[in-house]
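Reading through the structure tokens given below for one structure.
In what follows, every heavy atom counts, from backbone to side chain, and hydrogens, waters and symmetry copies are set aside. These numbers come from a predicted model, not from an experiment.
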Amino acid sequence: MITPRVAIIGYGGAGRGIHAALAREAGLPVTGVVTRDQGRRTQAAGDWPGARLYDDLDALLAARSTYDVVVVASPTQLHAAQAAALARAGVPFVLDKPIGVDAHEARAVVAEADATGTPFTVFQNRRWDPEQLTLSALLGRGELGDVHTFERHWERWRPVPRKRWKENDPDGGGLLLDLGPHLVDSATRLFGRVTGVWAQLRALTTPTEDDVFLVLTHEAGGGLAASPHAVTSRLWAGSVVAAPGPRTRVLGTDGAYLVTTFEQDASPLERFDDDAPAGTHGWFTRGRERRPVPAAAGGHADFYRALGPWLDGEEPAPVDPADAVRTAEVLDAARVAARQGRRVEL
């Protein structure tokens with residue numbers, strides 16, 4: 001099996017802070033970086049001595065022999081055009097979520113890749129979160145009984161927006177496109193196809209959404225839970241939340257799964273986890289009963305570890321692009337639902 005050489009388009013918070021870091025953890029070399037910003041070029045040269053630096057995608061494509069796969073970590077509004085150029089050149093690529101600004105762009109990227117026979121996958125690293133892996137294992141064991149409700153909060157206290165495109169560009173920015181793909185992908189992986197969407201979207205401190213609430217209805221019997229109920233997912237994303245809610249709560253007929261903390265986001269509930277034993281993640285609860293849940297093994301770098309077997313044709317893509325298209329369709333429906341004040345059927 002080859003160890004893929006990685007080229008990265010964009011070397012900011014996503015390109016350097018996430019993709020390059022995970023590639024290094026997985027043992028994959030970064031041999032090329034596309035960025036015009038002088039400060040980021042200096043960072044890339046220091047991080048990856050010997051890596052080639054390019055001003056634009058055309059220059060990267062002209063040096064095709066120096067890398068095996070390209071990671072697109074540029075702003076969302078550039079994804080579709082850059083992905084199309086890579087597909088036309090026949091270069092395998094990883095496209096950071098979301099594929100594009102809407103489902104139309106997402107479907108166009110998939111169609112271009114299919115027409116040219118170009119392999120590509122979508123970076124949905126949150127499938128490898130400890131809470132997602134542990135919850136998947138818990139559902140597989142059937143310990144919650146028949147699940148009927150899934151809730152996830154991705155909330156933070158950031159009343160003064162950062163000066164970056166994600167907060168300030170209505171074309172591609174906002175929490176619906178930034179965190180919404182993670183939330184929707186997690187819900188559909190666990191509980192299956194979405195049949196209906198209700199949403200509330202607000203812009204409190206930024207020109208685009210910084211307060212998002214989605215209610216998804218899933219097809220009964222779908223996903224890992226295979227519940228006879230049509231599971232309801234309630235998903236929150238917010239930047240002006242001084243008291244974040246519990247990160248994850250899953251309710252079933254035999255009990256509940258609760259996660260109160262998430263990465264660096266503080267929560268008034270985090271003391272609930274103070275006495276959690278090592279090697280556990282979250283709690284099974286039922287009335288006054290409470291016990292820790294064994295943590296499932298894995299991490300975000302596993303996405304990058306899967307690239308070699310995928311590119312060699314030994315394994316399927318780490319993330320099927322069709323999943324990302326369905327997620328984009330749900331997010332489009334959320335915009336319609338919020339604008340029209342009604343539930344949208346899918």
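- Under the 4.5 Å side-chain contact rule for hydrophobic residues, F213 and L177 do not share a cluster.
- Under 3.5 Å, the side chains of T253 and H148 contain no donor-acceptor pair of N or O atoms.
- For H19 against Y304, the heavy-atom pair with the smallest separation is ND1-OH, 2.7 Å.
- A donor-acceptor pair under 3.5 Å is formed between the side chain of E105 and the backbone N or O of V101.
- In this structure, the side chains of I9 and V71 stay at 4.5 Å or more apart for every pair of heavy atoms.
- Ring centers of W283 and Y257: at least 6.0 Å apart, outside the cut-off.
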For the pair T217 and R343, evaluate side chain to side chain donor-acceptor pair (under 3.5 Å) and give the outcome as yes or no after the intermediate values.
CA-CA 10 Å; T217 303; R343 170 187 158 103; 2.8 Å; yes
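- With F284 as the aromatic partner, R291 meets the cation-pi criteria of under 6.0 angstrom to the ring centre and within 45 degrees of the ring axis.
- Here the CG atom belonging to L190 is positioned 4.0 Å from the CD atom belonging to Q132, to the nearest 0.5 angstrom.
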Side chain to side chain donor-acceptor pair (under 3.5 Å) between D37 and Y11, worked out:
CA-CA 9 Å; D37 183 274; Y11 209 65; over 6 Å; no
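- Side chains of S74 and Q82: a donor-acceptor N/O pair is present below 3.5 angstrom, by distance only.
- No donor-acceptor pair closer than 3.5 Å links the side chain of D211 to the backbone N or O of G238.
- D185 and R127 are joined by a salt bridge, as a carboxylate oxygen and a charged side-chain nitrogen come within less than 4.0 angstrom of each other.
- Separation of the W236 and H153 ring centroids falls under the 6.0 Å cut-off.
- Rounding to the nearest 0.5 Å gives a distance of 11.5 Å between CG of L28 and CZ of R5.
- Side-chain N or O atoms of T248 include none that pairs as donor or acceptor with a backbone N or O of L258 at under 3.5 Å.
- Under a 4.0 Å N-O distance rule, the pair E289/R286 qualifies as a salt bridge.
- A 4.5 Å side-chain heavy-atom check between L175 and R202 finds every atom pair outside the cut-off.
- Within the 4.5 Å cutoff, the side chain of L139 has heavy atoms near those of the F191 side chain.
- Judged purely by distance below 3.5 Å, without hydrogens or angles, the side chains of T35 and R40 never pair a donor atom with an acceptor atom.
- Closest non-hydrogen pair, R193 versus L346, comes out as NH1-O, 3.9 Å.
- Atom CG in L86 sits 6.0 Å away from atom CG in L61 (nearest 0.5 Å).
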